[in-house]
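Accompanying notes for the structure given below.
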Amino acid sequence: MAREIAKAYEPQQIEPRWAEYWVKEALFKADSNAPGPVFSIVIPPPNVTGSLHIGHMLEHTEIDILTRWHRMRGYNTLYLPGTDHAGISTQRVVVKHLMDQGIDYKKLGREEFEKQVWKWKAEAGSQITQQMKGIGESCDWSRERFTLSPEMSRVVREVFVRLYEEKLIYRETRLVNWCPVCLTVLSDLEVVHEERQGHLWHIKYPVVGTKEFVVVATTRPETMLGDTAVAVNPGDERYKGLIGTKVLLPLMNREIPIIADEMVDREFGTGAVKITPAHDPNDFEVGRRHKLAEIDVMTDDGRMNANAGAYAGLDRFEARKRVVEDLKAQNLLEKITEHTTAIGICERSKTIVEPRISTQWFCRMKPLAEPAIAAVERGEIRMVPDNRREEYFNWMRNIRDWTLSRQLWWGHRIPAWYCKEHAHITVAREAPAKCATCGSANLEQDPDVLDTWFSSGLWPFSTLGWPEETADFKKYYPTTLLITGYDILFFWVARMIMLGIHFTGKVPFGAVYLHSLVRTASGEKMSKSKGTGLDPVALNLQYGTDAMRFCLASMAAPGTDIILSDDRLAGARNFANKIWNAARFLFVNLDKFEEGGTKLEELATPEARAKAPYAVSGKVPLVDAWLFARLAGAIELVNEALKNYRFHEAAQGVYQFFWGDFCDWYIEWVKPELQNTDRERAIAAWKNLFAAFDAALRLLHPFMPFLTEELWHQLPQKAGAKSIALDRFPEARVDWKNTKALSDVALIQEVVTAMRTIRAELKLDPKKKVQADFSAGDAIARDLIVANRAAIERFAALSGLRVTSERLQGDGMTRSTSAFDLRIPFTEIVNPQVEIARLKKEIEGLQKAIASKERQLGDETFRSRAPEKIIKGLEATLAEQRIELQKLQERLRQLEKGS
RNA sequence: AGGCCCGUAGCUCAGUUGGUUAGAGCGCUACCUUGACACGGUAGAGGUCUGGGGUUCGAGUCCCCACGGGCCUACCA
């Protein structure tokens, strides 16, 4: 019966089927009791309410390639999936969602709001995991985790309490980054700095009791309403006499002192600085040093408060305008100059961050950072590419305390309770009945939640059952590897290393591979809000998930960002189609062959495939020996590349083998053998073909799981075998290696290619068969050509190939190497003049190459200093080129004489 | 302000410790609809590695400078 195989690969027809199958059969469920070396990896948890973007696609492709590769090589493999509750962004999304329905979340109240978020999570939260299942990621779905699940919460509280007890977590009032839109404090990392063109306003502050002014320069005039001093450098002669006197703060009519502080740069501005301790980090420090009042002039949503006098109620930007106008009106504005400043922007809301005094929870980082620095220094954690190490060290060595609390409702609530009588703090794993200090039962829990990164920082061990010594924890921790983007090296990776070492005593992963960013054609970061993001799901539908994966892998050179294009994707799709058609060739021709009685089940059983390559009359045919040698080389290349996260090299190696070696040469070469009337020969050819094809599929599987799964199932498999993903990765068998076969076929390929080149130069009709000559002084080379004459004649469309040891004479187009000469007679279109011109050009190039080598070899310093190997190589090439040159010149003389 | 990275074929990028005539994909040119594949086949053109200087027998590869582009960190009002 004839097999039905579509003419072109249609991924849409097969992908959903296998994606579902893999999940339903729970094929990738890890067994912590199983033996073998361990490969474990946890997913960087994507936002629970998000959807798969192209960056995930790259990251997950890399993770899944390595996961599948290890699994197939017999590792006890765990790829643990999960999602992140993503405090700020999720809360923002749900708040907006409610607002669209006319609901004010504040009016709902905390409890009801939290219910709404959980409801939202239940509806939208599975989108990304569904997408991950759809693209066939080989996760253990039975171990899926969520950063805000009760289990994870328990771990978070445990960690918080321990750190508090160790005095690494503390509560303090200080200047923090405040987002007036998100209405929460932010950590330093969540503030992005942007250079913006601004102004420097020079404001005159009248000196009390005189007619003089002190001029201060500021970039934020509205904050002057909260000024509590003016500072000058103690060494500044201009202001020496004024230190200790007072100025009258304009608009507020408040007397404030002129103080001296080293912080002031005499060169900048006027050398006098207004001090606003409640609204500027520098000023805050100065204020604390000089015990100045801290006057907060703003509300939490960025408007001016009662402390701002007449400006109360105005938005901060409006207040700025009004302050400037009023100063101008009072003749207190000396001048305005242009000034660029790096301004702090909230990562989420993109609004300008307001430095603000606030009481928050902090984590002391220095003690945590030290061991984390040491671990990377010692190489306990390998960082790839390793130039990121410097960035890591630099940040870690200058690390500052981490603002942990967030004024949100969605997240891990801080396990701290305050008694209402004395505001004593009780930090506990479970809600306490009474105050730990005074015993009061009148307690209130801190309303704030923890920074989302605090819980994700525990991810590698919280997901595996810590603090319990679970079987999973013992087996899979530390994880083998982490793959994530370099943009969250500090946010996440560094914190995991610090917390992992602190709590488990071990590094959380043995290596970190920091993948690239996928950028738009113009090189920008893709962004959903700008609409420049590519939707991987749509692209997967268009090109096939396998093509997308392969494309990303082949572009994923460590350290280089990826610019994805339709052309590249099409190229990968074409590769998938090529494989599909190779399979189609196999099966279509097998149908014909099976009419002779030998069925697929005999040719391609797993046992039969394991015994390849097969011999004919006691000898493995050259091309089969060659193919398996090439396969062994490809396997080694892929293994070596993946070991070093060189995805692009691995992908390229597979591509070259499958397309270049297997399709272009091997299949073409064995075509006649497959239908050979000598049944024994044909059967051997088929067996070798299937064995090679099967191995190639397994080699390709980590890159293109769907296509290979589909085709693998078309081959006979062991009873009960469920998936190529659980089959073995091909091994570069020692008995496959064969340098003789490699060089023999290389020579034949060279001959064939040269013949085709001559044909093209002669402008021969591709179908026209012609007589050709091959000449070589070496008998072994001649024997090789004679033995493979049929294949060569077919490849080069020859009616006959004369093999001789004599120099080639007579008319015709030639090709020469030091080892052999080829010739095909001239055609009506192409005559000796064309060949003469070509020869002259070639001779010229060769003479140049020879001259430069002779010069180099003649140099005594070179001869004495260069390694033996290089000299020998050079001499050998030179000898060959001389022979070649001699041949070309002789040939040229012949033709010139004849014409 | 400090630190890092990049500048190689028309485009996107490889090029592992410096070593013989610098590679790939896409694009381009010519020919070919041959029964796996036009999402294909065969052959070919095309870079002297941003510029300058240096180290070396030898540099795309190491060092310095310049130019161009990108990124990160940072409390200059």
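Proteins get letters first, then strands, A, B, ... in listed order; numbering begins at 1 in each. If you're wondering where the values come from, they're calculated on a predicted model, not measured in any experiment.
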Kindly say whether A/L541 contributes a backbone atom to a donor-acceptor pair with the side chain of A/Q12 at under 3.5 angstrom? yes

Could you tell me whether A/E668 contacts a base, only the sugar-phosphate backbone, or nothing, with contacts defined as non-hydrogen atoms closer than 4.0 Å? base

Check whether any side-chain heavy atom of A/R288 lies under 4.5 Å from a side-chain heavy atom of A/P277, and answer yes or no. no

When you get a sec, tell me which of B/A74, B/A36, B/U21 is the closest nucleotide to the side chain of A/K671? B/A36

Have a look at A/T276 and say if it touches a base, only the backbone sugar-phosphate, or nothing, with a 4.0 Å heavy-atom cut-off. nothing

Taking B/U56 as the reference, what is the distance to B/C28 when you measure between their P atoms (whole Å, please)? 48 Å

Please list each protein N or O that sits under 3.5 Å from an N or O in nucleotides 8-11 of chain B, with the distance.
none

Looking at residues at least two apart in the chain, or sitting in another chain, which of them share a side-chain contact (heavy atoms from CB on, under 4.5 Å) with A/K848? none

A/K872: side-chain contact (heavy atoms from CB on, under 4.5 Å) partners, not counting sequence neighbours: A/E868, A/E875

Can you find a side chain N or O atom of A/K853 that sits less than 4.0 Å from OP1 or OP2 on B/U21? yes

Applying a 4.0 Å non-hydrogen cut-off, can you work out what A/R400 is touching in the nucleic acid: base, sugar-phosphate, or nothing? sugar-phosphate

When you match A/G845 and A/A582 each to their closest nucleotide on RNA chain B, which lands nearer the 5' end? A/G845

For RNA chain B, determine which residues of residues 542-554 of chain A have any heavy atom closer than 4.0 angstrom to one of its atoms, and list them numerically. none

Check the angle between the aromatic planes of A/W669 and A/F795 and answer parallel, tilted or perpendicular using the 30° and 60° thresholds. perpendicular

Strictly below 4.0 Å, N to O, side chains only: are A/E854 and A/R882 in salt-bridge contact? yes

When you compare B/G25 with B/U21, how far apart are their P atoms, in angstrom units rounded to a whole number? 23 Å

Letter by letter from the 5' end, nucleotides 1-6 of chain B scores (B base, S sugar-phosphate only, - none; protein heavy atoms under 4.0 Å) ----S-

Hey, could you give me each pair passing salt bridge (Lys or Arg N to Asp or Glu O under 4.0 Å) that has a residue in residues 652-666 of chain A? Not counting sequence neighbours. A/R630-A/D661

Short N-O contact, A/E354 and A/R220, less than 4.0 angstrom: yes

Nearest to the side chain of A/D567 - B/A77, B/U12, B/C26? B/C26

Give a yes/no answer on whether the side chain of A/H648 brings an N or O atom under 4.0 Å of OP1 or OP2 in B/G25. no

Sugar-phosphate, base or nothing in reach of A/K274, heavy atoms under 4.0 Å: nothing

Testing B/A77, B/A36, B/C26 for proximity to the side chain of A/T341, the answer is B/A77

N-O pairing of A/E595 and A/K592 below 4.0 Å: no

Can you tell whether the side chains of A/R238 and A/D236 come within less than 4.0 Å, N to carboxylate O? yes

Base-pair string, RNA chain B, Watson-Crick plus G-U, cut-off 3.5 Å on both distances, | for inter-strand, is (((((((..((((.....[...)))).(((((.......))))).....(((((..]....))))))))))))....

Choosing from B/A36, B/G25, B/A77, which nucleotide comes nearest the side chain of A/F585? B/A36

When the P atoms of B/G3 and B/U55 are compared, how many Å lie between them, rounded to an integer? 26 Å

Given B/U73, B/U21, B/C13, identify the nucleotide with an atom nearest to the side chain of A/S852. B/U21

How far, in whole Å, is B/G46 from B/A30 if one measures between their P atoms? 16 Å

Span that lies between the C1' atom of B/C5 and that of B/G44, in whole angstrom: 37 Å

Heavy atoms only, 4.0 Å cut-off, all strands: where does A/H279 land among base, sugar-phosphate and nothing? nothing

Once you round it to whole Å, what is the distance between P of B/G35 and CD1 of A/I667? 16 Å

The salt bridge (charged side-chain N to carboxylate O under 4.0 Å, His left out) partners of A/E860 (sequence neighbours excluded) come to none

Looking at A/E285 and A/R174, is any side-chain nitrogen of the basic one under 4.0 Å from a carboxylate oxygen of the acidic one? no

If you compare all heavy atoms of A/V770 against all heavy atoms of A/I824, which two are closest, and at what distance to 0.1 Å? CG2-CG2, 3.8 Å

Relative to each other, are the rings of A/W580 and A/Y9 parallel, tilted or perpendicular (30° and 60° limits)? tilted

Counting the atoms with a prime plus P, OP1 and OP2 as sugar-phosphate, which does A/P867 contact under 4.0 Å by heavy atoms, base, sugar-phosphate, or nothing? base

Inspect the contact between A/R838 and A/E835 and indicate whether a charged nitrogen and a carboxylate oxygen are less than 4.0 angstrom apart. yes

I need a per-nucleotide contact map over nucleotides 38-43 of chain B, read 5' to 3'. Cutoff is protein heavy atoms under 4.0 Å; write B for the base, S for backbone only, - otherwise. -BSSSS

When rounded to the nearest Å, what value does the distance between P atoms of B/C62 and B/U17 take? 8 Å

Residue set satisfying side-chain contact (heavy atoms from CB on, under 4.5 Å) with A/I488, at least two apart, ordered chain then number -> A/W453, A/T484, A/F491, A/W492

Closest to the A/I870 side chain: B/A77, B/U73, B/G19? B/G19

Counting only side-chain heavy atoms from C-beta out, which of B/U73, B/A77, B/A36 sits nearest to A/M263? B/A77

So A/F662 and A/F657, would you call those rings parallel, tilted or perpendicular, with 30° and 60° as cut-offs? tilted

Among the nucleotides B/G25, B/G19, B/A36, whichever has the atom closest to the side chain of A/R568 is B/G25

Using the P atom as the reference point in each nucleotide, state the distance between B/A24 and B/G41 in Å, no decimals. 15 Å

Would you give me the side-chain donor-acceptor pairs under 3.5 Å for residues 225-233 of chain A, sequence neighbours excluded?
from	atom 1	to	atom 2	distance (Å)
A/D227	OD1	A/K274	NZ	3.0
A/D227	OD1	A/T276	OG1	2.6
A/D227	OD2	A/Y205	OH	2.6
A/T228	OG1	A/A293	O	3.1
A/N233	OD1	A/G235	N	2.9
A/N233	ND2	A/V264	O	2.8

Hey, are the side chains of A/H339 and A/T341 touching, using non-hydrogen atoms and a 4.5 Å cut-off? yes

Heavy atoms, side chains only, cut-off 4.5 Å: are A/I259 and A/L292 in contact? yes

From B/U21, B/A74, B/A77, nucleotide with atom closest to A/A342 side chain: B/A74

Rounded to the Å, how far apart are A/D591 CG and B/G35 P? 18 Å

Let me confirm one number: the CG-NZ distance from A/L798 to A/K768, rounded to the nearest 0.5 Å. 12.0 Å

May I ask you to list the residues of residues 871-879 of chain A, by number, that have any heavy atom positioned under 4.0 Å from an atom of RNA chain B? A/G873, A/L874, A/T877

Which heavy atom in A/L700 sits nearest to a heavy atom in A/F550, and how many Å separate them? CD1-CE1, 4.2 Å

Students often get this wrong, so: under 4.0 angstrom with heavy atoms, is A/R646 touching a base, only sugar-phosphate, or nothing? sugar-phosphate

If I pick the P atom on B/U33 and the same atom on B/G23, what distance separates them, to the nearest angstrom? 33 Å

